[in-house]
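For clarity, every value in this text was computed on a predicted model and none was experimentally measured.
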Amino acid sequence: MRMSTRMKLGLVAASLIGVALTVVVNYTAACRLREVTLDDVPVRDWPQRFAMLDTRQGPGQSLDSLATRILADSGVYKVDLSWSLPHRLEISTNRFMPECFLLDNRTGRLFGVDDHGRVVPLITPVENWERPVLTGLTAGKMFERCADARVKVVVQQLRRSRDDHRDLYRLIEEIDFTDRFGLSMTVGGMPYRLKLRAETLSEDLDRFVQFITRYGVDLNEARALDFRFDKMVVCVRGKG
């Protein structure tokens, strides 16, 4: 399809505007660095503290050396750098996006768990609460992996299930690690719990979806569905 003259002129104008903005931002005094914040707090002595920053430049300058410098500080495990035009550089540290939440069995406090199974602080307000809560665990030290090696495995398995069964993933409320022989999962809207294995959690959830969608099993009195055995689903009925 051939473009009209008006469309061509519009594309040319948009390109020229984009080039002009790039020149203004990177090569003029309009966006030179004048302010630096660290975790939302202004850094008054930033020209001395971060001498690698070039006050004559703006977003066009490399910030790799700054990130390396900050990561060398004790207790800093992650650095995010962003420009707030026209003059401010914003530095944020240790802001992790949790894959899951972890309810500490000892203190009752809620933490995040990253994609490597490490315990991370929650940054409030939390953007998305539709993530599983891991229970029956002790958090341990911040930014270190949980003592229970199954946590890292489960987080990785959950990421796979999130891609395959997004709606089901959003309904997962709790994964209980109390039993060392298997996990107990609570799914919103379902009166029964799922018994699963950490190392094959994604496959076990696949089997659960197939079991529910393919077979018309009466689950009104079920209190647990056990998928810890290959090629077998054990339905536990009754109270308890």
Side-chain angles (χ1 to χ4, degrees), residues 31 33-44 46 49-50 59 63 66-67 69-71 73-148 150-178 183-190 193 201-202 205:
C31 295
L33 178 60
R34 296 181 184 174
E35 303 173 55
V36 175
T37 63
L38 176 60
D39 293 329
D40 300 323
V41 178
V43 181
R44 303 302 180 188
W46 64 266
R49 185 174 177 182
F50 305 127
L63 300 175
L66 174 62
R69 155 71 179 79
I70 296 173
L71 284 170
D73 291 343
S74 176
V76 177
Y77 300 88
K78 185 175 184 291
V79 175
D80 295 299
L81 305 171
S82 62
W83 284 91
S84 178
L85 295 177
H87 308 295
R88 185 168 69 246
L89 173 64
E90 298 176 346
I91 306 170
S92 302
T93 62
N94 295 338
R95 297 197 175 184
F96 290 85
M97 181 65 71
E99 289 288 335
C100 300
F101 302 114
L102 186 151
L103 183 63
D104 190 293
N105 201 36
R106 181 172 56 87
T107 65
R109 292 181 59 191
L110 193 65
F111 298 93
V113 177
D114 74 356
D115 55 350
H116 295 287
R118 295 176 298 199
V119 178
V120 297
L122 291 180
I123 304 300
T124 55
V126 177
E127 295 182 5
N128 182 9
W129 285 105
E130 291 183 332
R131 303 177 189 275
V133 178
L134 311 183
T135 63
L137 296 163
T138 300
K141 294 183 179 180
M142 196 66 62
F143 303 112
E144 293 187 5
R145 291 177 180 169
C146 292
D148 193 324
R150 294 178 296 173
V151 171
K152 179 183 177 182
V153 176
V154 166
V155 169
Q156 294 174 342
Q157 290 282 320
L158 282 172
R159 294 184 69 184
R160 190 179 308 167
S161 293
R162 180 182 60 194
D163 295 334
D164 296 338
H165 308 292
R166 184 168 297 274
D167 291 340
L168 174 60
Y169 174 84
R170 295 175 61 185
L171 293 174
I172 298 175
E173 296 179 349
E174 177 190 358
I175 302 177
D176 188 350
F177 284 72
T178 302
L183 307 173
S184 180
M185 177 183 290
T186 301
V187 180
M190 297 181 181
R193 298 171 69 88
L201 185 141
S202 178
L205 283 178

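A ring-centre distance under 6.0 Å is not found for Y77 and F96.
Residues E99 and V120 form no side-chain contact, since every pair of their non-hydrogen atoms from C-beta on lies 4.5 Å or further apart. E35 places none of its side-chain heavy atoms less than 4.5 Å from the side chain of L89. Within the 4.5 Å cutoff, side-chain heavy atoms of V113 are placed close to those of V151. With contacts defined as side-chain heavy-atom distances shorter than 4.5 Å, the pair L183/M185 does not qualify. Counting only heavy atoms from C-beta outward, the side chains of D80 and R95 approach each other to under 4.5 Å. Looking only at side-chain heavy atoms (C-beta outward), T178 and S184 stay at 4.5 Å or farther from each other. A 4.5 Å side-chain heavy-atom check between T37 and I91 finds every atom pair outside the cut-off. Using a 4.5 Å heavy-atom threshold, the side chains of L102 and L110 count as separate.
For the atom pair H165 NE2 and I172 CD1, the distance stands at 10.0 Å (nearest 0.5 Å). The structure places CG of L33 at 11.0 Å from CZ of R88, a figure rounded to the nearest 0.5 Å. Distance check, rounded to the nearest 0.5 Å: CG of L66 to CH2 of W46 gives 11.0 Å. Between the CZ atom in F50 and the CG atom in L63 there is a gap of 11.5 Å [rounded to 0.5 Å]. I175 CD1 to Q157 CD: the interatomic distance, rounded to the nearest 0.5 Å, is 10.5 Å. Rounded to the nearest 0.5 angstrom, D148 CG and T138 OG1 are separated by 9.5 Å.
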*asked:* Walk me through whether L168 and S161 qualify under side-chain contact (heavy atoms from CB on, under 4.5 Å).
replied: CA-CA 8 Å; L168 174 60; S161 293; over 6 Å; no
*Apply side-chain contact (heavy atoms from CB on, under 4.5 Å) to C100 and V133, showing your working.*
CA-CA 6 Å; C100 300; V133 178; over 6 Å; no
*Test log, rule side-chain contact (heavy atoms from CB on, under 4.5 Å), inputs F101 and V126*: CA-CA 11 Å; F101 302 114; V126 177; 3.9 Å; yes
*Apply side-chain contact (heavy atoms from CB on, under 4.5 Å) to H87 and V36, showing your working.*
CA-CA 9 Å; H87 308 295; V36 175; over 6 Å; no
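Shown here for P132 and L158, the closest heavy-atom pair between the two residues is CG-CD1, 4.1 Å. Nearest approach of E173 to G188, heavy atoms of both residues: OE2-CA, 3.3 Å. Of all heavy-atom pairs spanning G75 and F143, the tightest one is O-CE1, 4.5 Å. Residues V119 and C146 share a closest heavy-atom pair of CG2-SG, 3.7 Å. Across V154 and L201, no two heavy atoms sit closer than the pair CG1-CD1, 4.2 Å.
The main-chain N or O of K152 is never found under 3.5 Å from a side-chain atom of R145 such that the two would form a donor-acceptor pair. For the pair D104 (side chain) and T107 (backbone), a donor-acceptor distance under 3.5 Å is present.
Applying the side-chain hydrogen bond (donor to acceptor under 3.5 Å, both in side chains) test to residues at least two apart or on different chains, the pairs with a partner in residues 118-135 are D114-R118, E130-R170, T135-E174.
Not a single ring pair (Phe, Tyr, Trp, His ring centres under 6.0 Å) links F177 to another residue, sequence neighbours left out.
In this structure, a donor-acceptor pair under 3.5 Å is present between the side chains of D39 and T93.
In this structure, D115 pairs ionically with R159, as a charged nitrogen and a carboxylate oxygen lie closer than 4.0 Å.
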